[in-house]
Number of protein chains: 4
Amino acid sequence: MSPESKEAVLETWRRNEIAQATHRVLARRGPAGLSMQAIADEAGIAKGTLYLYFEDREALLEHAVDATFGELMARLETVLLPGRPIAETLPETVRALILFFDEKKDFLRAYMSMRYGDGCAEDVRHKRRKRTHYQSYLKLLAAAFGQAAARGEVKPQDPDRLAALVADGISAVLLRRLDERPPRPAEEDVLWISELLLRGLLVPGRNS
Amino acid sequence: MSPESKEAVLETWRRNEIAQATHRVLARRGPAGLSMQAIADEAGIAKGTLYLYFEDREALLEHAVDATFGELMARLETVLLPGRPIAETLPETVRALILFFDEKKDFLRAYMSMRYGDGCAEDVRHKRRKRTHYQSYLKLLAAAFGQAAARGEVKPQDPDRLAALVADGISAVLLRRLDERPPRPAEEDVLWISELLLRGLLVPGRNS
Amino acid sequence: MSPESKEAVLETWRRNEIAQATHRVLARRGPAGLSMQAIADEAGIAKGTLYLYFEDREALLEHAVDATFGELMARLETVLLPGRPIAETLPETVRALILFFDEKKDFLRAYMSMRYGDGCAEDVRHKRRKRTHYQSYLKLLAAAFGQAAARGEVKPQDPDRLAALVADGISAVLLRRLDERPPRPAEEDVLWISELLLRGLLVPGRNS
Amino acid sequence: MSPESKEAVLETWRRNEIAQATHRVLARRGPAGLSMQAIADEAGIAKGTLYLYFEDREALLEHAVDATFGELMARLETVLLPGRPIAETLPETVRALILFFDEKKDFLRAYMSMRYGDGCAEDVRHKRRKRTHYQSYLKLLAAAFGQAAARGEVKPQDPDRLAALVADGISAVLLRRLDERPPRPAEEDVLWISELLLRGLLVPGRNS
DNA sequence: TATGAATGAGCATTCATTCAT
DNA sequence: TATGAATGAATGCTCATTCAT
């Protein structure tokens, strides 16, 4: 349609090729092996070409991470629909996360080690650009919790904070799954996490 | 009195000076800026001097992290006593964590980004030596949960997995606190997290 | 014509440029001054560029030495032909050596100090890969002596040992030539060494 | 006798202790392991103390080498007596060298790699101070040859140059002995070298 | 547009030398 | 006299980034 669409499409396609190559390298060699040369080799292009598609290393990695999180977001958006009871959406969310990361074990492991960025207190320049998809995920969760609270399903509380706690609690379990041999059945973890978050640790009636 | 000679005391003191300098660098420049030169500069000593106190970079970082986690562990051990009801120890644990990391915001932020190591699927050589204090923390938590389950306070479940979920859920909240201006009162988060974990999200009687 | 691409030619040319720069540094600063930085500076390129052409320092030095010894070997191979009487080939060999090292005085001096490697009794890992051209030179000499012995020209004896003695004896004279001002005429040394080796020290008929 | 003799004796004794420690390190760890720390450890003294007895590393190594060569010189001086026929003294010299270096294989191997100094054409400051014992050895040999020539035993020729050729030819054989398993009988090499040097390679009467 | 050779700042580590004790 | 902790220049090597082609 638009006159520039052909180039734009090509550009988008290239950026995604590079992102996928980045994931393969990350999975195979770990963060320490994630050099521009390795990414270029994996993508079958020249090192310099990377700089035609990305400003610098940081921008490339950001995109590579966002692209994968984008996939996850698409799946979560089909689950975290407004109006559904939280007792239904929470297990499905956990299930979607477990299935997604069971597919991308290596990516998860490597990504976790990068999630907090460089953690540099001085350099805040790029803060805004970063972690957008992770933030979106949290927002989606928070929205679901907020609506559930509005409907009176869950206790009223700061939904953003709740989303963070739930998301990272789930991540911890995802991470444990990486090293389990044989892997625990996904459904078992889905039910356990959901039950815990929904009804808490305590045995009802046993505590004052 | 003590069997340690003057030199041993000096050695210990120096190692801690270096560990603290490491934390300051980590906080100020992030993991990527954590070079031996930067640590030496921060400690006000020469680069070569670092190698008089630590075998190599890895040993230095391990000590720097261990020293801080050691402090935390000491605090947690006074709280996570066997036999205390979980409804009491959990809030106190959360409180200890929040107070500790409110003091060491920058360290926490930077440390989180290093916790997962190199995440390389191929290289597992150093796995055993590392992350001992984080593992100890999880073990302590898991033990408390295990005993609570044995006493019938909490539902029976894998305590290690539960500990991981709880620990990382709490971390997520700790991390959010870092960026809050003004910081939310610690006690508010303590109560909220504890209540959530103990009794769950749901409003009782409202869900089928 | 040649199967080599333009890049291969360029690569070869660069490797030789670096080898020559290495010789100049070796001559000017000695083995102790033979740092990668010095070589790069001498070659007029960046330090990192060296690593595009050589795996590491060791490979670079090996090539630098091999390239020069290769030249010498080529000259010697035209002289040490099988079948020629030793009384002819020995003087020509000495002459070839003298002329060659008169051209490369500095290289010889510095190289001699490196010939024995690290000399560590414990570490024998790299023994096989090294000193190939010096060994070839010895083999060539030994073969000439072996054939002369077979023809009955020289007394029967272990040709390898003889080659070593002759080679290092000649080296000693080459080395002395380095410091002589003015240089002694090459032909004088050629004749003297040959005569000594062929007929010995003693005045015939004077000794029992 | 002299008033300062006690200190002077102690100083001499210390210097020799250090020299011997240096040899042990050289033999055990090779030239690359010959650090000041290693020498101090081996000598059982502090690193700084080395600098009380030697100006710097170079002076220390010079002395360590000279001390061992001094031992050899003492032996050679009992053999290379003026007036003895060269046909007698040469085999005895070779024998002394072989026996000496068979005892000090490790020292020889390591020393050879250092014999030519740094070979630096620019830095001639220390040239004079160096290699004094090796030079003495050559002088002793040269004197023996010179006298033999004066007596008409050997053909007239530059005795210094002859000494160098003979000395390094012998060194080559000594070096080969290092790697031989089992070692060839010393006497066999003594006779072969002597015969070769005295009477030459050629079979008499076979060559024009 | 795509390349990849070239760059050079940066890194962890070593070690001869100094100097306060 | 003897020490050894401290130094800091120097080393081999890596890799994100640039730019002439």
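Below, chain A is the first sequence line, B the second, and so on; all start at residue 1. Small disclaimer: the values here were computed from a predicted structure and weren't measured.
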Notebook entry, point to check: For DNA chain F, what dot-bracket results from Watson-Crick or G-U pairs at under 3.5 Å, with [ ] for crossers and | for inter-strand partners?
Noted result: .||||||||||||||||||||

Checklist line | Contact pattern, 5' to 3', of nucleotides 12-21 of chain E - B, S or - by protein heavy atom under 4.0 Å | finding: SBB-SBB---

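- Atom P of nucleotide F:dA9 and atom CD1 of B:Ile45 are separated by 16 Å, given to the nearest angstrom.
- Dashed line: the shortest gap from a side-chain N or O of A:Arg14 to OP1 or OP2 of E:dT1 is not under 4.0 Å.
- Under the 3.5 Å distance criterion, the side-chain polar atoms of C:Thr12 are matched with a main-chain donor or acceptor of C:Ala8.
- Residue C:Leu60 contributes atom CG, which lies 12 Å from atom C1' of F:dG12 at whole-angstrom precision.
- Contact annotation: D:Tyr53 side-chain N/O to F:dT1 OP1/OP2 distance is not under 4.0 Å.
- Legend: residues meeting salt bridge (Lys or Arg N to Asp or Glu O under 4.0 Å) with C:Arg15, ordered by chain and number and at least two apart, are absent.
- Residue A:Leu60 forms a side-chain contact (heavy atoms from CB on, under 4.5 Å) with just one option from A:Val65, A:Leu34, A:Ile18, and that option is A:Ile18.
- Evaluation of the ring-ring contact (aromatic ring centres under 6.0 Å, His included) rule for A:Phe54 yields A:His63 as partners, not counting sequence neighbours.
- Scanning for side chain to side chain contact (heavy atoms under 4.5 Å, CB included) contacts around A:Arg24 gives A:Gln20, A:Ala21, A:Arg28, A:Glu42, with sequence neighbours left out.
- Between A:Glu17 atom CD and E:dA2 atom P the separation is 12 Å, expressed in whole Å.
- Taking both residues in full, the closest heavy atoms of D:Ala38 and D:Val25 are given as O-CG2, 3.7 Å, listed atom of the first, atom of the second, then distance.
- For the pair B:Leu50 and D:Leu10, both in contact range of DNA chain F, the more 5′-proximal nearest nucleotide belongs to D:Leu10.
- The nucleotide whose nearest atom lies closest to any side-chain atom of D:Leu52 is, among E:dG4, E:dT7, F:dA2, F:dA2.
- Legend: salt bridge (Lys or Arg N to Asp or Glu O under 4.0 Å) pairs involving residues 43-54 of chain D, not counting sequence neighbours: none detected.
- Checking side-chain atoms of A:Asp56 against main-chain N and O of A:Ala59 turns up a donor-acceptor pair under 3.5 Å.
- Between B:Leu61 atom CG and E:dC11 atom P the separation is 13 Å, expressed in whole Å.
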Check: When you look at B:Trp13 and B:Leu10, which way does the side-chain contact (heavy atoms from CB on, under 4.5 Å) test go after all the steps?
Finding: CA-CA 5 Å; B:Trp13 178 76; B:Leu10 194 68; 4.2 Å; yes

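- Protein atom CD1 of B:Ile18 is 9 Å distant from nucleotide atom P of F:dA6, rounded to whole Å.
- Between the CH2 atom of A:Trp13 and the P atom of E:dT1 there is a distance of 15 Å, rounded to whole Å.
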